[in-house]
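For reference, the structure is listed below as structure tokens.
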Number of protein chains: 2
Amino acid sequence: MITHQGDEDVREDPVGSRPPSAVGGATNRSAAARQGSLREHNLALALRAILGADSPPSRAWVARATGLTRPTVSTLVDQLVRAGLIAELAPLPSQGAGRPAVPLSAAPRSVVGLGLEVNVDYIGGRVLDLTGDVVAEAVLPGEFHDASPAAVLGRLGNLARDLLASVRQEGMVPVGARLALPGLVDLRERRLRVAPNLGWSGLDPVPLLGLPDDLDVQIANEANLAGVAQLSKGGPTSFLYVSGEVGIGAAIVLDGELYLGRHGWSGEIGHVAVDPAGPRCRCGAHGCLEQYSGKDALCTAVGLPVTASAADLLDRLTREDTAARAAAARAGTALGQAVAATVNLFDVDTVLLGGLYADLADLLLPHVRAELDARVLATPWSPVDVRRAPVASHAALSGAARLALQGVLDDPGAYVTP
Amino acid sequence: MITHQGDEDVREDPVGSRPPSAVGGATNRSAAARQGSLREHNLALALRAILGADSPPSRAWVARATGLTRPTVSTLVDQLVRAGLIAELAPLPSQGAGRPAVPLSAAPRSVVGLGLEVNVDYIGGRVLDLTGDVVAEAVLPGEFHDASPAAVLGRLGNLARDLLASVRQEGMVPVGARLALPGLVDLRERRLRVAPNLGWSGLDPVPLLGLPDDLDVQIANEANLAGVAQLSKGGPTSFLYVSGEVGIGAAIVLDGELYLGRHGWSGEIGHVAVDPAGPRCRCGAHGCLEQYSGKDALCTAVGLPVTASAADLLDRLTREDTAARAAAARAGTALGQAVAATVNLFDVDTVLLGGLYADLADLLLPHVRAELDARVLATPWSPVDVRRAPVASHAALSGAARLALQGVLDDPGAYVTP
DNA sequence: CCGATTAGTTGTACGGTTAAACATAAATGA
DNA sequence: TCATTTATGTTTAACCGTACAACTAATCGG
């Protein structure tokens, strides 16, 4: 027994030290389940059932949907109602026999999540409530390449405090914030390793925001968060989201959860090699996808300055012009090759194109589809569905706010008195 | 309420219909937690703690490790002992003050898992118990390209029945079997879609084995299972395993669980494009990794027939010969490019080379490492560790047997009387 | 031999779910 | 009109599994 003498604190598993392999992680596999865990699990289950229902469900429906009994659901729902997470709506004019049900729905404007974003051409914040409604928003355009992190994050912090103050004013309770950053974000150490387009590297941006210490503020990659924003009630729950901007990022969403990898920098599709002998990339390697399908490459190919707007680029590419067609083909084909590699590796069957690619989807899609048909091994049995991402405008803000709210969905027990 | 009237059977979620996104799935997030779920969770927790301990632990140690109380652990361990999953060892000569502990360990030769494999040049079966020991094994070399599925699987079925009979004879209880196949395996529909090297396609191999109906028999990809076999007590729990043979497959293992994707055909690294303008591949596309680093390509590059053995190939490649060096460089570089893409997408920091690549590791590693250093974006902050896979001989057999046993680890409650 | 220390067990309390019965409210139909 | 049917939601008692505290068991050091 000697070897065990030292192992005192194996038992607790502080969240920070856990590898962030997924978001929305649910019940901890390696923790002891006590009595309360049961209630927490079922509370979350009932909450998800209500939020995910097509129309406001009754307690009895929730019981059927979850497999819990009606008395149990009643007590759980009562707790959710008391906590302000769920609201009882006015009974509908009754439909059929039996006692009329009390419809339940997510309580609007109760708990809210704050999404923040720093990007090359704007900073912004957005507040979402449990219904998914945007309850407050502010976006400041600007030009932040090579701007001082302290200055930019300070301004964003002011904007965030204003948003928080205004929603608190109306009685809402912010439960967390996520900051979207266009770069390699280390979740475990909460550091922005490098953001080439901002010219930033090696910093912890959270203190620079100056938000209250009691608010849970975390950081994540912009494309990953934009991917999360594509989740919607009817839509697919497993997909690859590819965001084209100056850089190209991707998010892998599986069963409604973001796949983050060991450190949180999964999905770096922009540096998948399309042609190992191709042009040199900012990252030092040769032939990265970014050199073929990034915004700069596209602009250059059609003779625009790299500072051109997405609208200009779309305009130029839409011309019936040999150069324009060639540029779209080159970018779309390269994108298709990289996406095909990703699909072969991840086995997803839906691909959503976002960011700049949402605007250019009509031009790129035929080329992307052609490459996927040729290169994805599984195509004959499960064709890959590639399409424009449904949420486009500032998607990362919504994804960040959504993820900030995730803590409530995962552990409503923390917000409820039994 | 009309819209809800029809939704009767939302509650149960038969395992077959669930997307097989991971193995070792643990407590079902979308199921109601009843009282018994608590016990099942903690039973699995205690079992994992005992199996994962460095040396046979006591009940008190398990309590500390899991966060459960000693009385609870006592009752759980008693159940595991009664079920024959855990054995109480003879007390050690006591070390220090206090009542001597009763050391616990996995019960040898109690429940066992059966791993089966059909490959181009052999069929085989292996039986593992909870300690990880091989308790029975049989391998039949042969040449199975274009052989009849019914004949080959019939022979494998005989072999499997012999193994099962012999372990049953000794009082062991087989709890399941996994069949490893070198091809695209659809887990959800339990079909082998296509196995180019066998010349097989579109079949359900399980009935052809003729195993007893009460044994849970499932199928999986050979490389995926070989990846699972690399998990060991001291080693990494998240890694990319790349298996080079005629085809090239990969397994992505995250936190000790195999990532399978939507259908179970994740990890098809052999058809990641290394050069889109490269040679045409069997799959119809151009420039797939397989055309650069597959066994056939390597053999051809050094002037051997594609039927040459791994030993011949190694022998020829090890010569101080320009052609041999060029062949190793070409294969290693291409492999490095595909692996770099995978690492950029998955964010893993360990890569294990298995199959043929285990033999060729010394020759390939420098080239692979060079490409990773150049192409993996995260290299400066988290260098990728690439090395030879620890388990080489018939790894898929061990992985399959291990996965067959996984059901016991995930749900020991099913094998225990409370 | 006695206190200190650690391992494992016994008995009671508590929290959470269940099953069964009950209360509520509407539609249905003789 | 009024009992019957149907469905929702609540109450009650029982059950199950874990926690806590106290106990026994076994060893060491003095």
> Does the salt bridge (Lys or Arg N to Asp or Glu O under 4.0 Å) test come out yes or no for D410(B) and R48(B), once each step is laid out?
Replying inline: CA-CA 9 Å; D410(B) 287 342; R48(B) 278 199 307 271; 5.5 Å; no
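- Taking atom CZ on R64(B) and atom C1' on dT6(C), their separation rounds to 9 Å, with Å as the unit.
- Of the side-chain N and O atoms in N42(B), one or more sit less than 4.0 angstrom from OP1 or OP2 of dT18(D).
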> Stepwise, does the side chain to side chain contact (heavy atoms under 4.5 Å, CB included) test hold for L215(B) with L164(B)?
Replying inline: CA-CA 10 Å; L215(B) 191 72; L164(B) 290 173; 3.9 Å; yes
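- Side-chain atoms of Q35(B) stay outside donor-acceptor range of the base of dG17(D), with no qualifying N/O pair under 3.5 Å.
- Using a 4.5 Å heavy-atom threshold, the side chains of D255(A) and R262(B) count as touching.
- An OP1 or OP2 oxygen of dG15(C) is reached within less than 4.0 angstrom by no side-chain nitrogen or oxygen of R34(B).
- Using a 4.0 Å cut-off, no side-chain N or O of R39(B) falls inside it from OP1 or OP2 of dT17(C).
- Between T69(B) and dC20(D) there is no side-chain polar atom (N or O) within less than 4.0 angstrom of OP1 or OP2.
- Remark: P of dT18(D) and NE2 of H41(B) are 10 Å apart, rounded to the nearest angstrom.
- For the side-chain hydrogen bond (donor to acceptor under 3.5 Å, both in side chains) test, residues two or more places apart in sequence or in another chain that qualify with E88(B) are R59(B).
- For the residue pair R178(A)/Q406(A), the side-chain donor-acceptor check at 3.5 Å is not satisfied.
- In this structure, the side-chain contact (heavy atoms from CB on, under 4.5 Å) partners of S110(A), at least two apart in sequence or on a different chain, are A107(A), L130(A).
- Counting to the nearest Å, the C1' atom of dG9(D) and the CG atom of L68(A) are 15 Å from each other.
- Contact annotation: R59(A) does not reach the phosphate of dA7(D) (side-chain N/O to OP1 or OP2, under 4.0 Å).
- Contact annotation: S58(A) reaches the phosphate of dG9(D) (side-chain N/O to OP1 or OP2, under 4.0 Å).
- Straight-line distance from the CG atom of L76(B) to the P atom of dT9(C): 12 Å, rounded to whole Å.
- The side chain of S74(B) has dG8(C) as its nearest neighbour among dG8(C), dG9(D), dT18(D).
- Contact check for E257(A) versus R29(B): side-chain heavy atoms found under the 4.5 Å cut-off.
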>> Walk along nucleotides 20-30 of chain C from 5' to 3' and tag each nucleotide B, S or - by protein heavy-atom contact under 4.0 Å, base first, then sugar-phosphate.
In response: B---BBBS---
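- Regarding D78(B), its CG atom lies at a distance of 13 Å from the C1' atom of dT10(C), rounded to whole Å.
- Between the C1' atom of dT6(C) and the CG atom of L92(B) lies a distance of 15 Å, rounded to the nearest Å.
- Of the side-chain N and O atoms in T72(B), one or more sit less than 4.0 angstrom from OP1 or OP2 of dA19(D).
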